[in-house]
S.K.: 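One structure, pasted below without further comment.
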Amino acid sequence: MNSVTHKLAKWYKVHQRNLPWRDTKDPYKIWLSEIILQQTRVEQGTPYYYKFVEQYPTVRDLEVAPIDEVLKLWQGLGYYSRARNMHSAALEVVKKYNGKFPKDYNSIRSLKGVGDYTAAAIASLAFDLPHAVVDGNVYRVLSRLYNIDTPINSSKGKNQFAQLAEELLDKKKPGNHNQAVMELGAICCKPSNPTCNICPIAEHCLALAKGTIANLPVKIKNKPVQNRYLNYLFLVNEETFCLLQRGPDDIWQGLYDLPIVERDKLLEPDELMEESFFKQLKGRQTLLYKGNSDYLHKLTHRNLHARFHIFFYKSLASLNKFGIFETTFKNMQSHAIPRLLDKFLNEYYSIK
DNA sequence: AATCCGTGGTC
DNA sequence: TGACCAAGGAT
């Protein structure tokens, strides 16, 4: 164990945060926490971890749960494929491994939703297997420690940092070491304004010596954020409104949502009424346009411009051929919906 | 390899 | 305020 590794372990022992998934060696709970924490801040994910552990204490509890229920519990956390993949993986753990979490890296890595990072995390934290994690924290710590400007989102960079992480790994205590590196990145070696003055390995840090801390890690720019224009149809009666389930190959897959007419702009009421959706809708003569309200919903890679067009209706036949059904605001506790729709519905029904 | 997939916080 | 990013993975 080299000097850097030793100092990291010593620092971690004193400065580690008290996080709920650090109390356990249960691979199911560690897996659950790692899936929740993918691209998610600890503060945002922690309430969800508590909810899931309470509702699904074991992998069998998760496995027998309906996917709609799992998605509802996941609502608001984003990246919903994590919930769908996790549920699917729970099925595999129960059927293929008889409910016992697999203990070898390759089996863990083959589970849906488990990539290189998560497999290494579960293997090291739950089973003390010598696999080094490489997450955003590790990229930052290693790029600065060794003053490496290879882009972390290039294949060369991924290989290079993976190899460095393996070399630095404390193979006697891989779980402890992995968490120490990530913890340093999270609370000391931060993206901006890192606290190098109290860093336990500052004397080894090449970037600090060279004055390149603020330039590392290097990342290839993403392409500019594109706009999408969603014309929502809020078809509402006294107590009911119209809902559908979103299909594959788009955002919010499997969640429930209102019917949408997506075009290259937000539509005015008269433009909207020219759409084929309304010509196919029996009973459209009972539709009464009651106004609209606009929302800008910003995702990482999209700006969603949403206009909720509000229609009163008395009766609408032939809705089901669009997959549309009627529901109530109260009944929404059993349907997972995007944050955007959640905001709209809450504002609409609280104002009303 | 490049793009897609959410939500919320930071500076 | 807009760019960046957070215990990434799938295609």
Side-chain angles (χ1 to χ4, degrees), chain A residues 16-17 19-22 30-49 71 74-86 88-89 108-125 131-141 151-159 161-162 165 175 177-187 189-194 214 217-226 228 246 248-255 257 296-304 336-343:
Chain A
Q16 65 174 287
R17 290 167 294 178
L19 303 175
W21 44 89
R22 286 181 175 164
I30 290 171
W31 168 58
L32 177 60
S33 74
E34 292 300 341
I35 301 297
I36 287 175
L37 292 174
Q38 287 170 6
Q39 293 292 284
T40 303
R41 284 185 166 74
V42 167
E43 310 82 64
Q44 189 186 4
T46 300
Y48 286 83
Y49 175 79
L71 282 171
W74 197 272
Q75 176 179 310
L77 197 53
Y79 287 152
Y80 297 92
S81 66
R82 290 182 292 173
R84 288 184 277 107
N85 287 333
M86 191 173 73
S88 170
I108 298 169
R109 175 66 178 79
S110 73
L111 294 171
K112 281 186 184 174
V114 176
D116 291 341
Y117 163 78
T118 304
I122 297 170
S124 64
L125 299 181
H131 295 273
V133 298
V134 184
D135 74 334
N137 292 307
V138 178
Y139 280 124
R140 195 164 54 252
V141 170
I152 60 174
N153 53 349
S154 66
S155 65
K156 180 186 176 186
K158 288 174 188 172
N159 291 329
F161 286 104
H177 170 88
N178 279 334
Q179 296 199 78
V181 182
M182 291 191 286
E183 195 78 340
L184 186 73
I187 68 183
C189 193
K190 297 177 294 183
S192 57
N193 303 323
V218 171
K219 198 172 183 179
I220 300 169
K221 299 283 187 192
N222 297 330
K223 73 174 193 178
V225 175
Q226 295 177 8
R228 288 178 66 175
R246 295 185 64 89
D249 306 322
D250 200 358
I251 54 174
W252 302 318
Q253 182 181 337
L255 271 65
D257 208 353
L296 175 59
H297 191 68
K298 303 179 84 152
L299 311 181
T300 298
H301 61 297
R302 292 285 185 276
N303 285 334
L304 301 181
I337 56 175
R339 192 57 109 196
L340 172 57
L341 178 57
D342 193 42
K343 282 180 186 169

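Below, chain A is the first sequence line, B the second, and so on; all start at residue 1.
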S.K.: Please figure out whether Ser155(A) or Gly78(A) has its closest DNA chain B nucleotide nearer the 5' end.
M.R.: Ser155(A)
S.K.: For residues Leu77(A) and Arg82(A), determine if any side-chain heavy atom of one lies less than 4.5 Å from a side-chain heavy atom of the other.
M.R.: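 Answer yes - side chains close enough.
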S.K.: Starting at the 5' end of nucleotides 6-11 of chain C, put B wherever the base has a protein heavy atom under 4.0 Å, S where only the sugar-phosphate does, and a dash everywhere else.
M.R.: BBBSS-
S.K.: Just the endpoints, please: which first and last nucleotides of DNA chain B, 5' to 3', lie under 4.0 Å from a heavy atom of chain A?
M.R.: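 Reading along DNA chain B, I get dA1(B) to dC11(B).
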S.K.: Pick the nucleotide of DNA chain B nearest each of Lys158(A) and Arg228(A); which residue has the one closer to the 5' end?
M.R.: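 Here Lys158(A) is the residue nearer the 5' end.
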S.K.: Report yes if the side chains of Tyr79(A) and Ile35(A) come closer than 4.5 Å at any heavy-atom pair, otherwise no.
M.R.: no
S.K.: If the plane angle is over 60° it's perpendicular, under 30° parallel, otherwise tilted; pick one for Tyr48(A) and Trp74(A).
M.R.: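 Tyr48(A) vs Trp74(A) ring planes: tilted.
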S.K.: Under a 3.5 Å cutoff, is there a donor and acceptor pairing between the side chains of Thr118(A) and Gln38(A)?
M.R.: yes
S.K.: When all nucleic acid strands are considered with a 4.0 Å heavy-atom cut-off, which category describes Asp250(A): base, sugar-phosphate, or nothing?
M.R.: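 The residue Asp250(A) makes sugar-phosphate contact but no base contact.
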S.K.: Charged N to carboxylate O below 4.0 Å: is that the case for Arg228(A) and Asp250(A)?
M.R.: yes
S.K.: Listed by chain and number, what are the salt bridge (Lys or Arg N to Asp or Glu O under 4.0 Å) partners of Arg22(A), not counting sequence neighbours?
M.R.: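 Glu183(A).
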S.K.: Counting any heavy atom closer than 4.0 Å, what does Leu299(A) reach on the DNA or RNA strands: base, sugar-phosphate only, or nothing?
M.R.: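 Base, at least one base heavy atom under 4.0 Å.
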S.K.: Strictly distance-based, threshold 3.5 Å: is any side-chain N or O of Asn153(A) a donor or acceptor partner for the main-chain N or O of Ile220(A)?
M.R.: yes
S.K.: Across the strands shown, which category fits Lys298(A) at heavy-atom distances under 4.0 angstrom: base, sugar-phosphate, nothing?
M.R.: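 Answer is base: heavy atoms of Lys298(A) come under 4.0 Å of a base.
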S.K.: Quick one: Leu296(A) CG to dT1(C) C1', roughly how many Å, whole number?
M.R.: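 Answer to the nearest Å: 13 Å.
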S.K.: Classify the angle between the aromatic ring planes of His297(A) and Trp252(A) as parallel (below 30°), tilted (30 to 60°) or perpendicular (above 60°).
M.R.: tilted
S.K.: Using only heavy-atom distances, determine whether the side chains of Tyr117(A) and Glu34(A) contain a donor-acceptor pair under 3.5 Å.
M.R.: yes
S.K.: In whole Å, what separates the C1' atom of dC5(C) from that of dG6(B)?
M.R.: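 That atom pair is separated by 13 Å.
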S.K.: Any side-chain N or O of Lys190(A) below 4.0 angstrom from OP1/OP2 of dC5(C)?
M.R.: no
S.K.: Between dT3(B) and dA7(C), how far apart are the C1' atoms? Round to whole Å, please.
M.R.: 22 Å
S.K.: How would you label the contact of Ile35(A) with the nucleic acid (heavy atoms, under 4.0 Å): base, sugar-phosphate, or nothing?
M.R.: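 The residue Ile35(A) makes no contact with any strand.
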